[in-house]
Amino acid sequence: MKFFLAEGNIGNDATREQAEKVIEMLKKKGWNVEYGLDKNKAVDIEEFGKEEEIQDKFTEDFLDCLSQMGL
């Protein structure tokens, strides 16, 4: 899946630099994520019908990254 992240996904006082750091961390974990406000979407045929499961795994890694950054 392709995920999009911006400051608003992190918190009210988050900066673009923080968002870009989280994106970098998620990419290292193997996620296809970019800066922006677009809608997350399945990009591989194998992902269709599994979006919720994939998003749950992404959320776990996302929250882990926020925790590592102290956010």
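The shown structure was predicted, so the numbers you read here are calculated from the model rather than taken from an experiment.
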**Request:** First locate atom NZ of K50, then atom CG of D44, and finally report the distance between them rounded to the nearest 0.5 Å.
**Result:**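 So the NZ of K50 and the CG of D44 are separated by 10.5 Å.
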[X] side chain to [Y] backbone, donor-acceptor under 3.5 Å:
{"X": "Q18", "Y": "T15", "result": "yes"}
{"X": "N9", "Y": "A6", "result": "yes"}
{"X": "N40", "Y": "F4", "result": "yes"}
{"X": "S67", "Y": "L63", "result": "no"}
{"X": "E47", "Y": "M1", "result": "yes"}

Mind listing the side-chain donor-acceptor pairs of residues 20-28 below 3.5 Å, one per line with the distance, residues two or more places apart or on another chain?
| unit_1 | atom_1 | unit_2 | atom_2 | d |
| --- | --- | --- | --- | --- |
| E20 | OE2 | R16 | NE | 2.7 |
| E20 | OE2 | R16 | NH2 | 3.4 |
| K27 | NZ | E34 | OE2 | 3.4 |

**Message:** Listing request: all ring-ring contact (aromatic ring centres under 6.0 Å, His included) pairs with a residue in residues 6-39, at least two apart in sequence or in separate chains.
**Reply:**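 Qualifying pairs: F3-W31, W31-F58.
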**Asked** Does K2 come within less than 4.0 Å of D38, counting only side-chain N to carboxylate O?
**Response**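 Judged by the 4.0 Å cut-off on N to carboxylate O distance, K2 and D38 do not form a salt bridge.
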**Message:** Taking atom NZ as the centre, does K29 end up with more than 12 heavy-atom neighbours from other residues, nucleotides or ligands that are less than 6.0 angstrom away?
**Reply:**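 More than 12 heavy atoms, drawn from other residues, nucleotides or ligands, come within 6.0 Å of this atom.
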**Request:** May I have all residue pairs that pass salt bridge (charged side-chain N to carboxylate O under 4.0 Å, His left out) and include part of residues 4-15, sequence neighbours excluded?
**Result:**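 Non-adjacent pairs meeting salt bridge (charged side-chain N to carboxylate O under 4.0 Å, His left out): zero.
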**Request:** Specify the closest pair of heavy atoms between D64 and Q68, including all atoms of both residues, with the distance to one decimal.
**Result:**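 Nearest heavy atoms, D64 then Q68: OD2-NE2, 2.7 Å.
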**Asked** Under a single-linkage definition using a 4.5 Å side-chain heavy-atom cutoff for Ile, Leu, Val, Met, Phe, Trp and Tyr, are L5 and V43 assigned to the same hydrophobic cluster?
**Response**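 No: no chain of side-chain contacts under 4.5 Å links L5 to V43.
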